[in-house]
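To start, the structure itself, in structure tokens.
Both backbone and side-chain heavy atoms feed into the values below; hydrogens, waters and symmetry mates do not. Letters go in sequence order (proteins before strands), and every chain restarts at 1.
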2 protein chains.
Amino acid sequence: MNVTAFNRRKEFGKTLASDITHRMRNEIVTCRLKPGEMLKFDTLRLSYGASFSTLREALTCLAAEGLVVAEEQRGFKVAPISLADLIDLTHARILIEVDLIRRSIENGNDDWEIGVISSIHRLGMIEGRAAEDYADNPDWKVAHREFHESLVGACGSPTLLGIRQSLFERAERYRNISARLRPRPRDKAGEHRALMKATVGRDADRARELIARHIQSTTDNVIKYASDLIGDG
Amino acid sequence: MNVTAFNRRKEFGKTLASDITHRMRNEIVTCRLKPGEMLKFDTLRLSYGASFSTLREALTCLAAEGLVVAEEQRGFKVAPISLADLIDLTHARILIEVDLIRRSIENGNDDWEIGVISSIHRLGMIEGRAAEDYADNPDWKVAHREFHESLVGACGSPTLLGIRQSLFERAERYRNISARLRPRPRDKAGEHRALMKATVGRDADRARELIARHIQSTTDNVIKYASDLIGDG
DNA sequence: AGCGATAGTATTTTCGAAAATATGGTTGAA
DNA sequence: TTCAACCATATTTTCGAAAATACTATCGCT
């Protein structure tokens, strides 16, 4: 069978557009595409080897997630970061996550509980191997995301789960900034274990308290050390 | 100046794609495009007079809002409706709206208070004119939306406001269904007045209680009278 | 100099054809 | 009859050129 221009590797999704969406999302949350940077089609066409329409579709997707902002007739740019945005985002995340973890604890069955246990175990294995600096280890990031997803996995609310996921992605850039700023490493592993224990122990009140603090603590760190680095507008 | 094929009326946004997004969103929430209906490009091209790429962008937008679902390589369809979806949606809306109205009451200044008063006044004027059946009056719908937006307008949380708006749109189809099913008209005007009074009276607890009941009541009505009409999957 | 008009350039937005993929039906062998 | 393989058709996805719009720099006037 012929290999044509249309035939190419599609790592993430089935369509090229969804593949590019994934790749671009990754470059935005790792700040390889800088906050506020203009996204010109000519440049993007070179970087991603796709046409206008395909890139446009990817950008539209990311704009809906809040990682990109579209100004009509004036193109797209990477969503800027700011202290105000971080605070707003954190509030939204805590509101939703607290509700979801409570309902997950109420509804969760055996399979859910096993999922929580195994995902924290996997996370621990990666942390054990990579010793200290697992902050920008991609494997750790995946395991970390999956652990948090497992906690709320039994909430039974597709709508809020989708929103939660999108907010989690938006927070990734701030997590990266926070990790770099922090003078001494944070005991994330301990927080995760406590969270896991409260959750599988069905102690909803404690789990809610812990997850709220867990989310808030990244924000507090950025506020403490970076209030001048990123504008507050 | 020449009128070419590109030159055309753009009612809502600056770009054709955003215009079509608006028009299609409207046709979906009014159920002129039926829940679950396949959206084929050839058909859409005729209806909206736009090209593949442009339609694709509009559909991508609506998919992000949850009014359309995309199945990769197999096209787009209008998001189906179901009792499960309505219940899920209602839960999410109450969680968010209750938080936003509380914070709006905390933060709201004089201008905000005036906005609430004037928007309910406008709503009352329309209700007075159209007598009984203002349920599918477009003017009433706009005024109704703007009244509810005014209540939460001072919350100071762009992220949650955006999510709220998207969920409000998604609920519109169920509101329409509910209105048709209801055996006797509901005293929405009374509910709105009570909500306004509690809000400008800065009685956060009462406002939260009232808005939660207000949202829940549409859902209860659908559950009561339409549990067989729309499947529960 | 200051400033609005304007021409030229850069960039985004839209289009419709062409490629890739899915769907549906038919054939032929077990 | 059943079922896999295959062709024909329907549909989606992608492309790159062309149109519309925004941006920039230059010119001419006060």
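Atom pair B/Leu16:CG and C/dT14:C1' shows a separation of 7 Å (rounding to whole Å applied). As rounded to whole Å, 16 Å separates atom P of D/dT14 from atom CG of B/Leu55. One interatomic measurement links the two molecules: CG of B/Leu46 to P of C/dG16, which rounds to 12 Å at whole-angstrom precision. When the P atom of D/dT14 is taken as reference, atom CD of B/Glu57 falls 14 Å away, rounded to whole Å. The CG-C1' distance, from A/Leu59 to C/dT11, rounds to 14 Å in whole Å. In this structure, the NZ atom of A/Lys77 is 17 Å from the P atom of C/dT11, given to the nearest Å. In this structure, the NZ atom of A/Lys14 is 23 Å from the P atom of C/dA19, given to the nearest Å. For the pair B/Asp19 CG and C/dC15 P, the computed distance is 11 Å after rounding to whole Å.
Each of C/dG16, D/dT12, D/dG16 was ranked by its minimum atom distance to the side chain of B/Phe41; first place goes to D/dT12. Closest contact between the side chain of A/Ala17 and the listed nucleotides C/dT14, D/dT14, D/dA22 involves D/dT14. The side chain of B/Thr54 lies closest to C/dC15, out of D/dC15, C/dC15, C/dA22. Among D/dG16, D/dT12, C/dT11, the nucleotide with an atom closest to any side-chain atom of A/Arg45 is D/dG16. Taking every side-chain heavy atom of B/Phe52 into account, C/dG16 is the closest of C/dT14, C/dG16, D/dT11.
In terms of modelled atom types and a separation under 3.5 Å, the side chain of A/Ser178 and the main chain of A/Tyr174 share no donor-acceptor contact. Listed for the A/His144 side chain is no donor-acceptor partner under 3.5 Å among the backbone atoms of A/Trp140.
Note on A/Ser53: every side-chain N or O is 4.0 Å or more away from OP1 and OP2 of C/dT14. Between A/Arg74 and D/dT21 there is no side-chain N or O to OP1 or OP2 distance below 4.0 Å.
Where A/Ser51 and B/Met38 meet DNA chain D, the nucleotide closest to each residue was compared, and B/Met38 sits on the side nearer the 5' end.
Under a cutoff of 6.0 Å and an axis angle of 45°, A/Arg164 and A/Phe168 form a cation-pi pair. Judged by a 6.0 Å distance limit and a 45° cone about the ring axis, A/Arg23 is not positioned over the six-membered ring of A/Tyr48.
A/Leu39 comes within 4.0 angstrom of the backbone, heavy atoms only, and of no base.
One finds a salt bridge joining B/Lys141 and B/Glu172 here, because a Lys/Arg side-chain nitrogen approaches an Asp/Glu carboxylate oxygen to under 4.0 Å.
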